[in-house]
Engineer: 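Got a structure for you, questions after.
Only this structure's heavy atoms are used, side chains among them; waters, hydrogens and symmetry mates stay out. Starting from 1, each residue takes its place in the sequence as its number.
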Amino acid sequence: MSNVVLKPTLKSEYESFKKNLQEAFIIAVEENFGVYDKGPIPSDEEIEQSFNSDGVQVFNIMENDQTVGGVVLTIDEKTNHNSLDLLYVSPECHSKGIGASAWKEIERRYPKTKVWETCTPYFEQRNIHFYVNKCGFHIVEFFNKFHPEESVPVDSDGELIPGGEGFFRFEKVMK
């Protein structure tokens with residue numbers, strides 16, 4: 001059984017958190033679209049905006065006192081409709097149950113949550129499998145050229161990042 005805990009991320013750790021998250025995210029982009037050299041994904045600005053949003057909670061995912069991932073949550077104490085903004089597990093720790101254990105810990109930590117929401121790109125089969133089959137989310141919306149999202153991820157030139165033209169939105173209604 002995995003010994004996974006969430007440890008609040010200190011502001012002094014935000015830069016390393018951001019770097020580790022971007023290293024984890026770029027792998028899927030490059031596996032699906034080839035080498036990508038137009039800047040980090042997500043961009044520094046997107047991550048920093050997440051860090052500074054109202055209700056944000058940033059955690060390192062720890063296993064046996066080692067950082068093995070991270071998560072950014074937005075918690076709305078009034079509505080209890082919360083969002084999983086960013087989640088990563090270090091690539092060398094994939095397929096070890098760390099993400100599922102972290103998700104269980106998130107649910108335990110926020111028992112008043114009525115609905116969880118998150119999004120992931122259409123090509124990210126590992127994420128889609130994780131959210132639907134491991135965590136119990138349901139796909140409730142598909143953003144694409146026929147049903148565009150208001151804010152889509154763009155690179156430093158203002159062009160869509162690879163795969164940025166399609167995102168699934170997931171919800172998990174809690175009982």
Engineer: Taking the side chain as C-beta and beyond, is there a heavy-atom pair between L86 and L21 under 4.5 Å?
Structural biologist: yes

Engineer: Can a donor-acceptor pair be found, under 3.5 Å and without considering hydrogens, that links the side chain of T74 to the backbone of V56?
Structural biologist: no

Engineer: For F17 and E13: C-alpha separation, side-chain torsions, deciding distance, then whether side-chain contact (heavy atoms from CB on, under 4.5 Å) applies.
Structural biologist: CA-CA 6 Å; F17 181 105; E13 299 172 312; 5.5 Å; no

Engineer: Checking N60 against T9: is there a side-chain donor and acceptor pair closer than 3.5 Å?
Structural biologist: yes

Engineer: Shortest non-hydrogen contact from I98 to C93?
Structural biologist: CD1-CB, 3.6 Å

Engineer: Nearest 0.5 Å, please: how far is CD1 in I41 from CD1 in I47?
Structural biologist: 10.5 Å

Engineer: Report yes or no: do E46 and S43 form a side-chain donor-acceptor pair below 3.5 Å?
Structural biologist: yes

Engineer: Tell me, yes or no, whether the heavy-atom count around E30 atom CD, taken from other residues, nucleotides or ligands under 6.0 Å, exceeds 12.
Structural biologist: yes

Engineer: Show which side-chain atoms of residues 64-71 pair as donor or acceptor with protein atoms under 3.5 Å away, not counting sequence neighbours.
Structural biologist:
| residue | atom | partner | partner atom | Å |
| --- | --- | --- | --- | --- |
| N64 | OD1 | N3 | ND2 | 3.3 |

Engineer: Is the F123 to F33 ring centre distance short of 6.0 Å?
Structural biologist: yes

Engineer: Within the 3.5 Å criterion, strictly below it, is a donor on N80 or T113 matched to an acceptor on the partner's side chain?
Structural biologist: no

Engineer: Between Y131 and W116, does the ring centre distance come in under 6.0 Å?
Structural biologist: no

Engineer: Regarding D44 and Q22, is there a side-chain donor-to-acceptor distance under 3.5 Å anywhere?
Structural biologist: yes

Engineer: Hey, do the aromatic rings of F167 and F142 have their centres closer than 6.0 Å?
Structural biologist: no

Engineer: So, are K104 and E107 salt-bridged, with charged N and O less than 4.0 Å apart?
Structural biologist: no

Engineer: Taking everything shown except E77 itself, do over 12 heavy atoms lie less than 6.0 Å from its CD?
Structural biologist: no

Engineer: I'd like to know whether NE2 of H138 has more than 12 heavy-atom contacts from other residues, nucleotides or ligands below 6.0 angstrom.
Structural biologist: no

Engineer: Between the side chains of E63 and K96, is the shortest nitrogen-to-carboxylate-oxygen separation below 4.0 Å, so that they form an ion pair?
Structural biologist: no

Engineer: Counting C-beta onward and ignoring hydrogens, is there a side-chain heavy-atom pair between Q57 and I75 closer than 4.5 Å?
Structural biologist: yes

Engineer: Once rounded to the nearest 0.5 Å, what's the spacing between atom NZ of K175 and atom NZ of K114?
Structural biologist: 16.0 Å

Engineer: So how far is it from W103 CH2 to S101 OG, rounded to the nearest 0.5 Å?
Structural biologist: 13.5 Å

Engineer: Determine whether F59 and V5 make a side-chain contact, defined as any pair of heavy atoms from C-beta on separated by less than 4.5 Å.
Structural biologist: no

Engineer: Report the distance from atom CG of L87 to atom CD1 of I106, rounding to the nearest 0.5 Å.
Structural biologist: 6.0 Å

Engineer: Compare every heavy atom of A24 with every heavy atom of V89, then report the nearest pair and how far apart it is.
Structural biologist: O-CB, 4.1 Å

Engineer: Between E124 and Y122, is the side-chain contact (heavy atoms from CB on, under 4.5 Å) condition met? List the steps.
Structural biologist: CA-CA 6 Å; E124 257 290 20; Y122 75 92; over 6 Å; no

Engineer: Evaluate T120 against F130 for side-chain contact (heavy atoms from CB on, under 4.5 Å), listing each step before the verdict.
Structural biologist: CA-CA 11 Å; T120 202; F130 174 73; over 6 Å; no

Engineer: Kindly compute the distance separating CG (L6) from CZ (R108), expressed to the nearest 0.5 Å.
Structural biologist: 8.5 Å

Engineer: Taking the side chain as every heavy atom from C-beta outward, state whether D85 and L73 have any atom pair closer than 4.5 Å.
Structural biologist: no

Engineer: What verdict does the salt bridge (Lys or Arg N to Asp or Glu O under 4.0 Å) test give for R169 and E171, after you've listed the backbone C-alpha separation in whole Å, the side-chain angles of each residue and the deciding distance to 0.1 Å?
Structural biologist: CA-CA 7 Å; R169 184 173 71 85; E171 285 186 354; 2.8 Å; yes

Engineer: Given side-chain contact (heavy atoms from CB on, under 4.5 Å), test F170 with V140 step by step and report yes or no.
Structural biologist: CA-CA 6 Å; F170 302 85; V140 296; 5.9 Å; no

Engineer: Could you give the distance from CD1 (I139) to CD1 (I128), rounded to the nearest 0.5 Å?
Structural biologist: 6.0 Å

Engineer: Is the shortest side-chain N to carboxylate O distance from K172 to E117 below 4.0 Å?
Structural biologist: no

Engineer: Would you call K19 and E23 a salt bridge, using N to O less than 4.0 angstrom?
Structural biologist: yes

Engineer: Crowded around Q125 CD? As in, over 12 foreign heavy atoms under 6.0 Å?
Structural biologist: no

